[in-house]
Participant: 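Below is a structure I'd like to ask you about.
Just so you know, ligand 1 is whichever comes first in the structure, and atom 1 is the first atom listed for that ligand. Everything numeric here is computed off the predicted structure, so don't read it as measured data.
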Amino acid sequence: MNNKKKDFIRGLYEIGAVKFGSFTLKSGLESPFYLDLRKVISYPKLHAFMCEMLIEKAAELSFDIVMGIPYTALPSAASIAEKLEKPLLMLRKEKKAYGAGGIIVGDQELKGRCLIVDDLITTGSSKFETADSLRAEGFEASDILVVVDRSAGAEAELKARGLELYSLISLDEIVDLLCADGSLKIEKVEEIRAFTSGLSAVVPAEAGNKVEANPLTLKLLEVMKRKETNLILSLDTEDAGEFFSILEASADKIAMVKTHIDIIKDFTPDFTRRLVKLAGEKDFLIFEDRKFADIGNTVKHQFYGGIYNIADWADCVTSHLIAGEGTVKGLFPNGANPDRPQAAFLLARMSSKGNLITEDYSRRVIDAGRGSSSIVSGYIGHGSDVDDIKKFRAMIPEGQLLLMPGVKLERGSDKLGQQYLTAEEAIAGGADCIIVGRGIIEAENPAETAEIYRQRAWTVYENK
Ligand code: S5P
């Protein structure tokens with residue numbers, strides 16, 4: 001190891017950018033070390049030194065554009081671009097979850113071969129995503145320059161995807177030097193090695209992306225298997241008579257019925273009594289699409305009180321997380337009830353055009369849902385196409401479900417911005433269930449149409 005590297009590593013250790021101990025990562029994994037390169041910009045000498053090393057490395061490579069990845073790497077990317085007189089572009093962090101909207105900050109007309117500059121690489125998964133989105137925008141993305149490679153062999157996987165990795169230092173080098181310096185005990189070194197070799201290069205931070213399915217999830221999966229259906233009927237009609245006439249005719253085809261109880265104009269408590277009775281007889285679950293979004297205390301009243309008394313009859317409900325985790329905690333203040341499986345599905349993405357959900361928001365919803373898996377059965381999501389849904393699905397832990405609305409037999413949209421994918425696309429992308437409303441209830445024969453949806457979605461699901 002050359003002296004520059006040694007000085008740099010010692011500098012990182014001195015400012016506390018490298019720490020050893022026990023840290024809970026976003027993925028839920030316990031890590032024996034923690035790297036926080038965000039601190040470096042606050043130490044001008046160390047930062048200049050790091051930029052100098054990056055510039056030296058970058059000068060050996062051939063590229064047209066420096067592509068900075070937010071946020072940590074942006075100052076160093078700017079420094080490289082300036083020194084080597086190359087244009088700088090930045091990848092937008094708060095990009096829309098999918099659909100239109102630029103992902104690049106800088107001159108939108110620029111295209112060419114870019115050098116992706118980031119602070120860290122762990123498993124490579126986020127780099128694949130970055131390279132894919134840059135390629136989709138018409139860039140040539142083949143070289144990645146990072147400060148620290150803490151990877152468990154991501155290099156081979158990157159190569160297989162046409163990406164070359166360059167780094168200033170590796171986690172092994174940090175560990176070796178600090179151990180030789182006496183700053184790190186040998187037992188800790190072994191723990192770190194065991195931890196990094198346990199991470200898979202293909203399965204990302206999502207290596208630990210698994211939760212135990214809660215009782216409501218298991219109940220739904222059992223119904224699906226028993227009835228061979230992953231169809232959720234969204235029975236959005238205002239008339240109780242019509243509601244039951246469609247439901248009775250289609251009940252054999254569905255795993256759940258989704259209600260918007262507050263649109264039933266002739267609602268009486270008899271409505272829900274009849275619904276619960278039918279659900280028992282015909283073996284389906286009841287899903288009230290209430291989209292709770294308020295503070296915990298208010299949703300508690302909305303769920304357990306009022307004229308609808310949703311908690312009494314709904315097996316599951318939808319909830320936004322815009323107000324924070326208090327919303328779901330307000331729904332289930334005592335956690336899961338072992339005697340009565342009930343859970344929420346969180347809105348992680350929406351099907352409507354122009355919705356304000358960002359990728360970062362979706363990720364944070366899933367992170368929160370993962371942390372509350374005993375009361376969160378999964379997520380509502382959508383996507384622009386099969387690949388987009390697959391990427392989204394990869395964020396969701398095993399053991400939680402993805403339910404997808406905005407589904408019809410053909411792609412399309414309605415006049416108010418609803419966007420439709422096909423049933424096959426939804427399931428091929430990784431949705432567990434499709435949610436279909438008007439595609440069925442406005443059909444000439446809802447029950448026969450429900451059967452078409454059931455067959456199409458179930459065939460793709462079974463083949464997977
Ligand atoms: O993003 C969403 C989330 C939901 S829950 N987009 C949606 O359309 N929904 C609901 O799914 C919506 O409230 C409606 O009840 C159903 C879709 O109905 P359709 O008639 O467009 O199939």
Participant: Purely on distance, is any nitrogen or oxygen of Y420 under 3.5 Å from one on ligand 1?
Facilitator: yes
Participant: With heavy atoms under 4.0 Å as the rule, classify the contact between K408 and ligand 1 as side chain, backbone, both or neither.
Facilitator: neither
Participant: Which atoms from ligand 1 have a heavy atom of S234 less than 4.0 Å away?
Facilitator: 14 (C), 15 (O), 16 (C)
Participant: Does any N or O of ligand 1 fall below 3.5 Å from an N or O anywhere on M350, backbone included?
Facilitator: no
Participant: What part of Q418 sits under 4.0 Å from ligand 1 if we count only heavy atoms: the side chain, the backbone, both or neither?
Facilitator: side chain
Participant: Show the atoms of ligand 1 that are less than 4.0 angstrom away from any heavy atom in I380.
Facilitator: 3 (C)
Participant: Please tell me whether T259 and E288 have a donor and an acceptor in their side chains that are separated by less than 3.5 angstrom.
Facilitator: yes
Participant: Do R273 and D270 sit within salt-bridge range, that is, some charged N less than 4.0 Å from a carboxylate O?
Facilitator: yes
Participant: Which protein heavy atom lies closest to atom 1 (O) of ligand 1, and at what distance to 0.1 Å?
Facilitator: S351 N, 2.8 Å
Participant: At under 4.0 Å between heavy atoms, which part of H382 makes contact with ligand 1: side chain, backbone, both or neither?
Facilitator: neither
Participant: Measure from the side-chain N and O atoms of Y361 to the backbone N and O of I322, and report whether any donor-acceptor pair falls under 3.5 Å.
Facilitator: yes
Participant: Run the numbers for me: atoms of ligand 1, each under 4.0 Å from some heavy atom of G437, listed by number.
Facilitator: 19 (P), 20 (O), 22 (O)
Participant: What are the atoms of ligand 1, with element, lying closer than 4.0 Å to any heavy atom of L347?
Facilitator: 3 (C)
Participant: Between R92 and E359, is the closest basic N to carboxylate O distance under 4.0 Å?
Facilitator: no
Participant: Regarding K111 and the six-membered ring of F139, is the cationic atom NZ or CZ under 6.0 Å from the ring centre and inside 45° of its axis?
Facilitator: yes
Participant: For R349 and H382, indicate whether the former's side chain and the latter's backbone hold a donor-acceptor pair under 3.5 Å.
Facilitator: yes
Participant: Ignoring hydrogens and angles, tell me if any N or O in the side chain of T318 forms a donor-acceptor pair with the backbone of F345 under 3.5 Å.
Facilitator: no
Participant: Sort out for me which residue in L134, D143, L91, L145 forms a side chain to side chain contact (heavy atoms under 4.5 Å, CB included) with I116.
Facilitator: L134
Participant: Suppose I only count heavy atoms of P405 and a 4.0 Å limit; which atoms of ligand 1 are within that range?
Facilitator: 1 (O), 2 (C), 3 (C), 4 (C), 6 (N), 7 (C), 8 (O), 9 (N), 11 (O)
Participant: Less than 3.5 Å between some nitrogen or oxygen of R438 and one of ligand 1, yes or no?
Facilitator: yes
Participant: Show which atoms of ligand 1 fall inside a sub-4.0 Å distance from at least one heavy-atom site of D236.
Facilitator: 14 (C), 15 (O), 16 (C), 18 (O)
Participant: Looking only at side-chain N and O atoms, does S234 offer a donor or acceptor that is under 3.5 Å from a partner on D236?
Facilitator: yes
Participant: Under a plain distance cut-off of 3.5 Å, with no hydrogens placed, do E212 and S373 share a side-chain donor-acceptor pair?
Facilitator: no
Participant: Show which atoms of ligand 1 fall inside a sub-4.0 Å distance from at least one heavy-atom site of D289.
Facilitator: 5 (S), 10 (C), 13 (O), 15 (O)
Participant: Give the atoms of ligand 1, by number and element, whose distance to some non-hydrogen atom of K258 is under 4.0 Å.
Facilitator: 10 (C), 11 (O), 14 (C), 15 (O), 16 (C)
